[in-house]
Amino acid sequence: MSFFRRNRPWFVSAGAGVLIAAAVAAFQWSSYEAPTPLRMLCDGAFVAGIFLTCFGALALVSAEGAFDAMGFAVHTLLRKFSPRKDRFESRLTYEEYKARRREKDRPDVRCVLFTGLGYLALAGVLLALYYRA
């Protein structure tokens with residue numbers, strides 16, 4: 001397996017951060033009189049870092065099962081009020097529902113969280129350079 005294929009989630013999350021940072025920089029370029037490039041880079045890295053860190057943390061918590069109770073409630077309501085009851089299995093207990101959810105193969109989402117933290121660290125470095133200049 002090649003290096004790029006094996007590390008594809010890291011490259012995708014880093015690319016998403018670059019796109020977010022570029023969108024923030026483009027917005028600043030068109031909105032302000034004379035933004036400095038260091039300020040645009042710092043703000044772009046900060047916004048990308050916040051988005052990716054929050055999304056990665058939420059996905060990580062969700063993968064660990066923090067929202068299983070809400071999913072079970074929605075499943076139970078759909079089963080109760082659905083006209084096509086044959087779509088659903090027999091009534092599941094909460095433990096059976098959680099066990100069935102654990103059997104599914106979930107992707108590793110830590111790369112998004114760590115990429116976001118990397119963007120936040122980059123924003124801190126750029127901020128220090130901005131105030132130093």
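Computed from heavy atoms alone, side chains included, the values below leave out hydrogens, waters and symmetry copies.
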> Roughly how far, to the nearest 0.5 Å, is the CD atom of E95 from the CZ atom of R100?
Replying inline: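 CD of E95 is found 13.5 Å from CZ of R100.
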>> Could you report the tightest heavy-atom contact between A48 and G17, atom names first, then the distance?
In response: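 Smallest heavy-atom distance, with atoms named: CB-O, 3.4 Å.
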> Looking at residues at least two apart in the chain, or sitting in another chain, which of them share a side-chain contact (heavy atoms from CB on, under 4.5 Å) with F11?
Replying inline: F3, F4, N7
Distance-only donor-acceptor pairs under 3.5 Å for side chains of residues 37-47, two or more places apart:
unit_1 : atom_1 : unit_2 : atom_2 : d
D43    : OD2    : Q28    : NE2    : 2.3

> Has the side chain of S30 got a donor or acceptor atom that lies under 3.5 Å from a matching backbone atom of F27?
Replying inline: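 Between the backbone of F27 and the side chain of S30 there is a qualifying donor-acceptor contact (under 3.5 Å).
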>> Exactly one of V109, D108, V112 should register a side chain to side chain contact (heavy atoms under 4.5 Å, CB included) with L60. Which one does?
In response: V109
Would you tabulate the side-chain donor-acceptor contacts of residues 115-130 under 3.5 Å, counting partners in other chains and residues two or more places apart, or write 'none'?
unit_1 : atom_1 : unit_2 : atom_2 : d
T115   : OG1    : S13    : OG     : 3.0
T115   : OG1    : C111   : O      : 2.6
Y119   : OH     : A14    : O      : 2.8
Y119   : OH     : V18    : N      : 3.2

> When hydrophobic residues are tied together by side-chain contacts of less than 4.5 Å, even through go-betweens, does F51 share a cluster with V24?
Replying inline: yes
> Are there more than 12 heavy atoms of other residues, nucleotides or ligands under 6.0 Å from atom CZ of R102?
Replying inline: yes
